[in-house]
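Side chains included, hydrogens not; waters and symmetry mates left out as well; all remaining heavy atoms used. Both ligands and their constituent atoms are indexed starting at 1 by order of listing.
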Amino acid sequence: MGALISISTVAKAQNVNAKMYEEQHRPQVHFSPRQHWINDPNGMVYFNGIYHLFFQYYPDGNKWGPMHWGHAESNDMIYWREMPIALYPDSLGYIFSGSAVVDSNNTSGFGKEGKTALVAIFTHHDPKGEAKGTDDFQNQSLAFSIDNGDTWTKYSGNPVLKNPGIKDFRDPKVMWYAPEKKWVMTLATKDRITFFSSPDLKNWKKESEFGENLGAHEGVWECPDLFSLDDKGKKLWVMIVNIGSGGPNKGSATQYFLGQFDGNKFIPLDHKIRWLDYGPDEYAGITWSNTGNRKIFLGWMTNWLYANDVPTTIWRNAMTIPRELKIKHTANDIIVSAEPVKELNKIESGKTLIENISSTKNFDLSKKINQIKFPCRLNISIDATTNFAVVLSNDKNEKTAIGYDKDNHQFYIDRTKSGKTDFQKNFAAKHFAPRFSTNHALNISLIIDVSSVELFADDGMTVMTETFFPTKDYNNIKIESRENLSIKKIEYAPLKSIWKRN
Ligand code: FRU
C-alpha cells in the first residue's frame, strides 16, 4: 500500500531534473517553483494527511503575468512535490488570490458519492475590464475537487460574488463559522475589509465592514485572513491584512489586528498597528485551513518593490518557512508570535552545541565548526546587555549582518553589502524591528538559506525575513561585537536540502 501511494505520487508530480534546484541563489529549504514566476500563497488547506499549497503562478515567464494557480503538495510542509497547474485563466479572467476549504457537510453540493469536496474560492480578475477602465473587473468565483485536490473543476455559476463597483475587490479567505453554521468570507475591498457570509459557498450576503480608518493605509489592502487563537483559555481573533506598500521597512508587508468576531462584526481590541514580520521580504502571508488547533502561516518571501527584478535564473521567488502562530503577552502588549513549524527539525542533520563563551569580542563560528554548511539553523542565547551582530559572509567581503542594538532596543538586518543589490534602488538597505521582550536573556533563532535569513527573536515575538544575493554563496558565520560578549549557548545545525530526499 505504502509503495503504491509513493509510485502514484511520483507519477503525478512532474519530472524533476537532477540539476534543477541547484542553480545559484536557489533556496534549499524553502519552496520555490521549478521554473518561472510565483507570488502569493493561495488555497492552503490540509486534507487527508496532505498540506496543499497553491500559489499565484505565471508559467510562461519570470515576471508577473496572466495568473494561474500553481500547486504543490507536502506531507509535512517541508518537502514539497510540485503538481500540475490547478487553475488556468478563462473567459472570466486571470485567477487571482484566494483560499480553499474542506466542505465536510457538503453545503455546496459539490461532493459526490461520499467524496468530500475541496472548494477553492478565488478572485477572477478580468484584464479586459481593467483595460477598459471599468471598476467591476474583480469578482469572486469557485472551483472544486473531489479527488483530493488532484484535479479542479470551475463552478458553472461563476462568479458567485459580483463586484458592486469597487476596483480592488479581491483575495477571499473563507472559514467555517461553527456557532452559526455558515461560511464567512473576509475580503479585501480597497481600503477596508468586507465580511460576507453564506450557507453554501454560492450565495453570499454582506455582513459588515472593518478598518476604513484603522491600521496602516499607505497601500491597498490585500490578502486578508481571519481566525482565532487560544489566549489563556479564551478565544482571541486575529485579522491579518496584507498591505501593498507602506510596510515598516518600505514596500509590502503583513499587518494584523487583534479583537473579537461574532459572525457579523470584527471589534478591535485597540488601535495599534502591528506587523507579523518586520523584514522587507514576507508578504501576502495567510494561514492553512483545516489544521485544528494549530495555526500555520506561510508568506511569499520577497517584496513587490523588487520581486520582478531579483537576480534569479529559471525561477523567480520563493515562500517563507511555514510558521506556527501563537498569542504571547509582554508587560504591556499582546503579540502574535511566529516560529518555524516543528516539522523543520526533521531536516536538521547533526547539531553542534557550544556553551558559555565569554570575554570575547569576535567569535568565529567557522573556526569552531569544521565546515559551516548552508542552509542551517543557528540558535543563540545571549545577554541582552551587549550589542552584537551575526555576520554571514563570503571571501569576496560580501556580507549580511543580523544584529541587536541594545540602546534602541531593536533588531536589524543590514544587507547594504550583501552582494548583488543594484537591481533595485531600495534593496541595499538596513532594516529595523523593535524588540518586544524585556527579558535579560535574549534568544534568537536564524533560519539561514542560500539567499535568505529569517530571524525569530524571543520565541517568535519579533520576526524579520530578508533575502540576499551574494555573487558567491556565503560560507562563513561570525558573531561580532565591540564589547565583550557573554554567549550562553550556540546551537548550530546544518539543514538538509528539501530537494534531495532520494
Ligand atoms: C498580492 C496580490 C493580490 C492579487 C495577486 C495577483 O500580492 O496583488 O492582491 O490577488 O497579488 O497576483
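The side chain to side chain contact (heavy atoms under 4.5 Å, CB included) test with Glu454 is passed by exactly one of Leu446, Asp281, Thr465: Thr465.
The nearest protein atom to atom 1 (C) of ligand 1, hydrogens excluded, is given as Asp40 OD2, 2.9 Å; this is a heavy-atom distance. Of all protein heavy atoms, the one lying nearest to atom 8 (O) of ligand 1 is Glu222 OE2, 2.8 Å.
Applying the 4.0 Å criterion to heavy atoms of Ser97 picks out, from ligand 1, the atoms 5 (C), 10 (O). Atoms of ligand 1 found under 4.0 Å from any heavy atom of Met67 (numbered from 1 in listed order, with element): 12 (O). Those atoms of ligand 1 that come under 4.0 Å of a heavy atom in Gln56, given as number and element, are 5 (C), 6 (C), 12 (O). Every atom of ligand 1 with a heavy atom of Arg170 under 4.0 Å away is listed here by number and element: 3 (C), 4 (C), 9 (O), 10 (O). Per-residue contacts place Phe96 under 4.0 angstrom from the following atoms of ligand 1 (heavy atoms of the residue considered): 4 (C), 6 (C), 10 (O). Applying the 4.0 Å criterion to heavy atoms of Tyr283 picks out, from ligand 1, the atoms 1 (C), 7 (O).
Heavy-atom separations between Thr123 and ligand 1 are all 4.0 Å or longer. For the ligand labelled ligand 1, residue Trp300 lies outside the 4.0 Å heavy-atom shell. Not a single heavy atom of Tyr94 lies less than 4.0 angstrom from ligand 1.
For His124 and Asn139, the side-chain atoms include no donor-acceptor pair closer than 3.5 Å. Defined by atom type and a distance below 3.5 Å, a donor-acceptor pair is missing between the side-chain atoms of Trp300 and Asp40. In summary, the side chains of Asn75 and Arg81 do present a donor paired with an acceptor at a separation below 3.5 Å, with no hydrogens or angles considered. Side-chain contact annotation: Glu282 with Thr254, donor-acceptor N/O pair under 3.5 Å present. Side-chain N/O atoms of Thr313 and Glu23 include no donor and acceptor closer than 3.5 Å.
Checked against a 6.0 Å centroid threshold, the rings of Phe137 and His125 count as neighbours.
When Ile95, Asp171, Asp168 are checked for heavy-atom proximity to atom 9 (O) of ligand 1, Asp171 turns out nearest.
Here the side chain of Arg316 pairs a donor or acceptor atom with the backbone of Asn308 at under 3.5 angstrom.
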